[in-house]
Chemist: 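One structure coming up, written as structure tokens, with questions to follow.
To find a chain, count down the sequence lines: A is the first, B the second, and so on, and within it residues start at 1.
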Protein chains: 2
Amino acid sequence: MSSELWFSLFILAKLGAINKKIEISSTKFSKEISASQQTASRRIIELEKLGWISREPHGTGHYLQITKSGNNQLKDVYNILGSIFEPKQKSIEIEGELFTGMEEGGYYVSREGYKKQFIKKLGFKDIYPGTLNLELTTEEDIKNRKILLDRKDLGIVIEGFKNKDRTYGNVICFKCKVNEKIDGALLEIERTHHKETVIEIIAPFHIRTALNIKDGDKVKIRVFLNNF
Amino acid sequence: MSSELWFSLFILAKLGAINKKIEISSTKFSKEISASQQTASRRIIELEKLGWISREPHGTGHYLQITKSGNNQLKDVYNILGSIFEPKQKSIEIEGELFTGMEEGGYYVSREGYKKQFIKKLGFKDIYPGTLNLELTTEEDIKNRKILLDRKDLGIVIEGFKNKDRTYGNVICFKCKVNEKIDGALLEIERTHHKETVIEIIAPFHIRTALNIKDGDKVKIRVFLNNF
DNA sequence: ATTACTATGTTTCGAGTAA
DNA sequence: TTTACTCGAAACATAGTAA
């Protein structure tokens with residue numbers, strides 16, 4: 001992300017372009033961003049290319065409005081700053097829908113190099129060799145999950161390792177309660193193809209059996225943050 | 001403000017440098033900011049020069065911590081984003097201590113070009129030719145005042161004008177209640193030498209007399225935001 | 001008025017490297 | 001290992017200007 005473009009977007013938001021289209025010329029905008037008219041024009045073009053704003057011709061100038069995607073750019077920063085300045089919240093709730101994945105996560109977590117660390121660092125007796133996969137559906141849940149991705153410093157680091165076949169990256173985990181009953185851990189597996197709407201949970205035993213839940217059921221996770 | 005430096009500071013905050021010193025080498029930091037070690041080193045030097053972070057040598061590297069001033073840089077953006085995303089608040093409370101100023105503001109507001117507009121746009125019967133000056137002392141009050149400065153789009157624009165002697169700039173005003181009793185308006189006079197800790201209030205009559213207040217008294221202002 | 005291109009000037013970046 | 005300098009290269013901003 002270019003930080004100049006982010007700040008240009010931020011200024012447009014201050015000017016009210018977040019809920020409504022605003023009429024602004026490149027000359028007026030250049031004053032707001034303290035740059036030349038040419039630079040302001042270029043910024044507007046670049047913001048549009050990124051899909052952060054939409055433009056509509058109007059007279060000799062144009063109307064501008066921040067798009068959903070642009071809104072998210074700003075909101076992501078806002079949420080992270082919120083987690084920095086108002087970390088009163090010791091836990092974050094995330095709800096998702098249970099589904100059966102490809103057991104890739106299960107393969108990972110049952111590697112000895114990881115398993116030993118999970119047991120030691122999470123204080124678990126054992127690790128069940130599989131993960132509980134949840135699909136996140138609401139914006140609120142996805143937002144909260146992003147906070148975890150961005151605040152890995154609030155999680156527990158499980159260090160990666162190498163064996164003769166391949167390299168295993170670090171895993172960041174957050175202790176959690178599943179449906180307010182079972183102690184588990186939410187995993188953020190580094191270097192995995194990063195899917196924003198899926199979370200994976202491990203526990204000392206088979207969660208599905210213990211909670212008697214099946215695919216499609218809603219499952220609530222309360223994620224605990226470190227240092228609180 | 002350089003936006004790259006702001007984002008570098010933001011990343012340090014994410015890494016936890018906001019409440020405690022963190023140990024980070026320029027190489028590690030370079031990965032966080034997606035730049036070279038040289039650039040990371042330069043950024044750290046520049047952040048220190050700006051006074052946004054402090055450094056302490058440690059072994060061959062150093063400890064970093066965000067300073068009060070750096071904290072404010074981040075918080076300012078956070079507060080503005082808050083006013084953008086959570087504008088539920090229809091009014092903002094600001095408290096300050098009454099003092100006698102140089103009546104510069106009073107001179108301004110009694111110019112005919114302004115006075116007519118105040119009466120029309122604020123719906124006041126008259127304008128008393130003087131301003132009530134308040135000195136802000138708490139961080140909370142200064143923060144709230146900054147929101148007004150940053151969200152002038154939520155205020156009422158009184159347009160500037162020229163006479164043969166000089167040019168008078170725009171004035172942005174916000175309707176307000178003084179001590180929950182008197183209707184007035186808080187003024188943000190553009191191009192004035194900008195003093196963050198002082199606010200000026202006008203009203204249709206002499207507020208000091210009406211409220212029987214004197215220098216040193218605490219006065220509470222409830223500022224109303226437009227578009228709500 | 002505008003927007004936005006080209007050409008030139010300025011700033012910023014990172015490879016190489018010293019300490 | 002570090003940090004942080006120099007300097008050529010790459011990126012970026014602005015003046016001039018056409019449409």
Chemist: Hey, does the side chain of A:Thr39 come within less than 4.0 Å of D:dA13's phosphate (OP1/OP2), counting only N and O?
Modeler: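 A:Thr39 to D:dA13 OP1/OP2: no side-chain N or O under 4.0 Å.
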Chemist: At what angle, to 10 degrees, do the two end axes of the helix from C:dT2-D:dA19 to C:dA19-D:dT2 meet, given five pairs define each axis?
Modeler: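 The two end axes of the helix from C:dT2-D:dA19 to C:dA19-D:dT2 meet at 40°.
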Chemist: B:Lys49: which residues meet the salt bridge (Lys or Arg N to Asp or Glu O under 4.0 Å) condition with it, sequence neighbours left out?
Modeler: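 Per chain and number, B:Lys49 pairs via salt bridge (Lys or Arg N to Asp or Glu O under 4.0 Å) with no residue.
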Chemist: Is there a donor-acceptor pair closer than 3.5 Å between any side-chain N or O of A:Ser41 and the backbone N or O of A:Gln37?
Modeler: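 Between the backbone of A:Gln37 and the side chain of A:Ser41 there is no qualifying donor-acceptor contact (under 3.5 Å).
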Chemist: Only pairs at least two apart or in different chains count here, so list each salt bridge (Lys or Arg N to Asp or Glu O under 4.0 Å) that has a residue in residues 24-42 of chain A.
Modeler: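 Applying salt bridge (Lys or Arg N to Asp or Glu O under 4.0 Å) to every pair that reaches into residues 24-42 of chain A, excluding sequence neighbours, yields nothing.
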Chemist: Going 5' to 3' along nucleotides 2-11 of chain C, which nucleotides have protein heavy atoms under 4.0 Å from the base (write B), which only from the sugar-phosphate (write S), and which from neither (write -)?
Modeler: BBBB------
Chemist: Can you run down the ring-ring contact (aromatic ring centres under 6.0 Å, His included) pairs that involve residues 9-37 of chain B, sequence neighbours left out, and say none if there aren't any?
Modeler: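 Those involving residues 9-37 of chain B are B:Trp6-B:Phe10, B:Phe7-B:Phe10.
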Chemist: Can you tabulate the close N/O pairs, meaning under 3.5 Å, that link protein atoms to atoms of nucleotides 7-12 of chain D?
Modeler:
none

Chemist: Rounded to the nearest Å, what distance is computed from the CD atom of residue B:Glu46 to the C1' atom of nucleotide D:dT3?
Modeler: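 Atom CD in B:Glu46 sits about 15 Å away from atom C1' in D:dT3.
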Chemist: Using the test side-chain hydrogen bond (donor to acceptor under 3.5 Å, both in side chains), find all partners of B:Lys177 that sit at least two apart in sequence or belong to another chain.
Modeler: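 Checked B:Lys177 against side-chain hydrogen bond (donor to acceptor under 3.5 Å, both in side chains); matches are B:Asp183.
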Chemist: Got a sec, which pairs hit ring-ring contact (aromatic ring centres under 6.0 Å, His included) with one end in residues 127-164 of chain B, sequence neighbours left out?
Modeler: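 Only B:Tyr114-B:Phe161, B:Tyr128-B:His206, B:Phe161-B:Tyr168 qualify under ring-ring contact (aromatic ring centres under 6.0 Å, His included).
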Chemist: According to the salt bridge (Lys or Arg N to Asp or Glu O under 4.0 Å) rule, which pairs have a member within residues 2-16 of chain B, sequence neighbours left out?
Modeler: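 Sorted pair list: A:Asp150-B:Lys14.
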Chemist: Does B:Asn133 have any side chain to side chain contact (heavy atoms under 4.5 Å, CB included) partners at least two apart in sequence or in another chain, and if so, which?
Modeler: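 With sequence neighbours excluded, B:Asn133 shows a side chain to side chain contact (heavy atoms under 4.5 Å, CB included) to B:Phe99, B:Thr131, B:Glu200, given in chain and number order.
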Chemist: Can you run down the salt bridge (Lys or Arg N to Asp or Glu O under 4.0 Å) pairs that involve residues 112-130 of chain B, sequence neighbours left out, and say none if there aren't any?
Modeler: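 Checked against salt bridge (Lys or Arg N to Asp or Glu O under 4.0 Å) - neighbours excluded - the pairs reaching residues 112-130 of chain B are B:Lys115-B:Asp126.
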Chemist: Holding to side-chain hydrogen bond (donor to acceptor under 3.5 Å, both in side chains), I want the full list of residues that pass it with B:Asp76, two or more places apart in sequence or in another chain.
Modeler: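 B:Asp76 satisfies side-chain hydrogen bond (donor to acceptor under 3.5 Å, both in side chains) with B:Lys146 only.
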